[in-house]
Amino acid sequence: MKDKKQMTEEDIKNKFITPAIEQAGWDIKSQVYFEHSFTDGRVIVRGNITSRGKRKRADYLLMHKSNYPIAIVEAKDNKQGVGAGMQQAIEYAEMLDVPFVYSSNGDAFVEYNRLTGEERTIALSDFPSHDELWERYVNDGKLNKEQQDLIEVPYFYQLGDKTPRYYQRIAINRTIDAIGKGQERIMLVMATGTGKTYTAFQIIYRLWKAGVKKRVLFLADRNILVDQTMTNDFKPFEKVMTKVEDKKLDSSYEIYLALYHQLAGDEGNEPFRQFQPDFFDLVVIDEAHRGSAKEASRWRKVLEYFSSSGTTHIGLTATPKETKDTSNLAYFGEPIYTYSLKQGIDDGFLAPYKVVRVGLDRDLEGYRPEKGKVDMFGQEVEDREYNIKDFDKNIVIDARTEAVAKRVTEFLKKTDRFAKTIVFCVDIDHAERMRSALVNLNRDLYQENSKYIMRITGDNLEGKAQLDNFIDRTSKYPTIVTTSKLLTTGVDAKTCKLIVLDSNISSMTEFKQIIGRGTRLDLEHGKEYFTIMDFRNVSRLFADPNFDGDPVQVIEFGEQDDIHIPNEEDANDGWDNLNDFGDGDGIFEGEDGNKHVKYRINDVDVQIVSERVHYYDANGHLITENLIDYTKKNIRNEYATLESFLRSWNEHEQKQVILEELKEHGVLLEALREQEPHLQELDEFDLICHLAFDQPPLTKTERANNVKKRGYIYEYQDVAREVLEMLLEKYMNEGIQEIDGTEVLELQEFHKFGSPMKIVKAFGGKKAYLAALKRLKDEIYVS
């Protein structure tokens, strides 16, 4: 047997670790997941080029049931200590919510019990059996009988279905565990796009299947959300499920879906009272941040009515509402699980974003009318300084609207004119003017189909009727929509690639919801990231610690406390203010019900004076780093010196391996070439050496010509020489990765020499061909 110190990590696993686990009685086929990847790898964006970071992968994941991992094992080669993998294993165990953690180098195991904090070293032969670990888990975790029974209930699954991602599994299991312990109010915080509704379905299904919860009420605040839920995630319930409509309740079903306000009704006509208070034993509140838990909300009375002993309330939200006036936590308590936007992007389950901040001269300098200035309605404009908070609310400058529409149009023409786009405006009037400006700049496509650009606002029946088509991934139209409030929350727009911010947004909840419109990945339709074009410096909120932080409860109400409810919260159930259109003469009705003037100026020029692109980095921050500096830094993170890079380059026969590894760490050389055309003639080797280590570069043509001058190719005759000449030509035109291996011989241009097998025979066989190819690549990179 090979000396253990000389064995690879794979050898150590196959010869020592796997046999030890198997000898402990674990069923290798059903209870052990090998090389278990649980993330997809962060999407890295530079320019218009994307790559994937490394997936997180556990060497071994040991399962109690298919829905319940109980132990993780991290392996290392024998050159390292027995506990060398422990820190990485603990990191993964914390992410996966796994109680028992092991590290091994093939000599022994180090075991860490996350429930007790105890760490110990055990022999390979002492690895615990499944039953032993389960018993320890029950005892150390103090699980009662109901908790144990609920763990045994499987997820809903039928052939072809998706299975829960790791964070969904944790959210489901923690919720069910909390209910098993008797907890009656539960909150889950999951970023938009991470599958809250699917998670809710699996929670409900397992509790319903176990007979623990027999009648369930699912509350949402938008009709489209209820319809989406019934059609998609809740479809397996179709025989026992109903939607509450026309305020009539049918008690013959088991799963009920309803709108808050429809169920709440009005004083003296409250449909929910048709049921007994103990009718539902589980109430799930979707989008719980939108006021349903607010103490003075008319929706709150629905929750209080169905609050009999044994009834559980589960709140789902992407943005816990924590202000000086409102707190979800005061009702639900601390979240039992939080899966944040940052974590979702880092895991590769959510789309990252790049931000284009655009500065307009009037926004940066302000606008003050000359004395006696009148607007297009003949109204004298109040003499004062107007700034970005006034534009489109108190004063309209037509050229500003046109400048925004022009920049949005330019962006789409350079990228994809059919990229789904949402433009967030100040109010309905602004949304209509923006729609008109975009139409004028996109007349060709608008003439083809008038639904190419639409306004979707609360007052507009034609626009609202097209909402389903906008979010339909297979529907081309509408493509660009303008809105104010309607699309801020709850709309599952997976294909949205561009979000335009031209509204003064100060609410963190609203900002999170708006950003959530773009965070869904849709690889099938080419969406790996999305762009935020910001005209109002709203993206400053990314730097706020509350943007992706855990919710912090900021209020506690006593029984006698007066609670002030802001007028705008839920005033229109998330719809636009229908008075925002005015009456065509510049007179608008404000939130206070009083008429106010909105001036409209059509003779002032507006120009873009600054623009900067920011990228989302691995730490969740927006960076403005120069692409060359960014590339240099990431290369140097992997290869501290030129010598270490050259050593790795020479050791790898297939250079693509190195390039793929650098890609996973954010080195996107194609993005650099796209931005800096003068670098197009350099291959990857020269790009790396030049940018990261300040080496003078050679072009691919110069390197190819140097090989010819040295005469290496002429050591071969006939077909072999011609093949090497073609390979060198291919390198010169396309790069080193294009000539790796024997696959290149299958390309059309090599068919004139016969099959790949015939070609390698001209070199004396495959081994001789690969040796010749290695020599060619070595010659290319001779200094």
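Owing to the predicted nature of the structure, the values given are computational and were not obtained by experimental measurement.
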Ring centres of F280 and Y256 under 6.0 Å apart? yes
Just jot down the side chain to side chain contact (heavy atoms under 4.5 Å, CB included) partners of D177, sequence neighbours excluded, or say none. Q147, K181
Any salt bridge (charged side-chain N to carboxylate O under 4.0 Å, His left out) involving residues 496-506? Give me the pairs, sequence neighbours left out, ordered by first then second residue. R400-D502, D416-K497, D502-R536
Ring pair (Phe, Tyr, Trp, His ring centres under 6.0 Å) against F349, all qualifying residues, sequence neighbours excluded: Y167
Is there side-chain contact between T175 and I314, with heavy atoms separated by less than 4.5 Å? yes
Evaluate salt bridge (charged side-chain N to carboxylate O under 4.0 Å, His left out) for K413 paired with E410, printing each intermediate quantity in order. CA-CA 5 Å; K413 283 182 176 180; E410 287 172 352; over 6 Å; no
With sequence neighbours left out, which residue pairs that include part of residues 188-209 fulfil the salt bridge (charged side-chain N to carboxylate O under 4.0 Å, His left out) condition? none
Over 12 non-hydrogen atoms of neighbours within 6.0 angstrom of NZ in K663: no
Measuring only between side-chain heavy atoms, which start at C-beta, is K451 closer than 4.5 Å to Q466? yes
May I have the step-by-step check of ring-ring contact (aromatic ring centres under 6.0 Å, His included) for F201 and F156, ending in yes or no? CA-CA 9 Å; F201 162 72; F156 174 84; 5.7 Å; yes
Can you check whether A58's main-chain N or O pairs, donor with acceptor, with Q88's side chain at less than 3.5 Å? no
Contacts of type side-chain hydrogen bond (donor to acceptor under 3.5 Å, both in side chains), residue Y452, not counting sequence neighbours: none
Walk me through whether F38 and Y33 qualify under ring-ring contact (aromatic ring centres under 6.0 Å, His included). CA-CA 11 Å; F38 56 93; Y33 293 171; over 10 Å; no
Excluding sequence neighbours, so at least two apart, what forms side chain to side chain contact (heavy atoms under 4.5 Å, CB included) with Q183? A178, I186, I336
Note, K56 side chain near M95 side chain (heavy atom, < 4.5 Å): yes
Only residue of L188, N67, I203, L207 satisfying side-chain contact (heavy atoms from CB on, under 4.5 Å) with I172 is I203
Excluding sequence neighbours, so at least two apart, what forms salt bridge (charged side-chain N to carboxylate O under 4.0 Å, His left out) with D97? R174
Of the non-hydrogen atoms in F234 and T197, which two are nearest, and what is the gap between them? CE1-O, 3.8 Å
I'd like to check the side chain to side chain contact (heavy atoms under 4.5 Å, CB included) partners of M230; sequence neighbours left out, ordered by chain and number. V226, M241, K243, L257
Treating T192 as the side-chain partner and G516 as the backbone partner, does any N or O pair qualify as donor plus acceptor under 3.5 Å? no
Side chain to side chain contact (heavy atoms under 4.5 Å, CB included) against K162, all qualifying residues, sequence neighbours excluded: Y198, D233
side-chain hydrogen bond (donor to acceptor under 3.5 Å, both in side chains) against E660, all qualifying residues, sequence neighbours excluded: Q656
Just to verify, what does E611 make a side-chain hydrogen bond (donor to acceptor under 3.5 Å, both in side chains) with, not counting sequence neighbours? R407
Under 6.0 Å between ring centres, would you say that holds for Y155 and Y205? no
Ignoring hydrogens, what is the shortest heavy-atom contact between T482 and A431? Give both atom names and the distance. OG1-O, 2.9 Å
Sorted by chain and residue number, the salt bridge (charged side-chain N to carboxylate O under 4.0 Å, His left out) partners of D347 (sequence neighbours excluded) come out as none
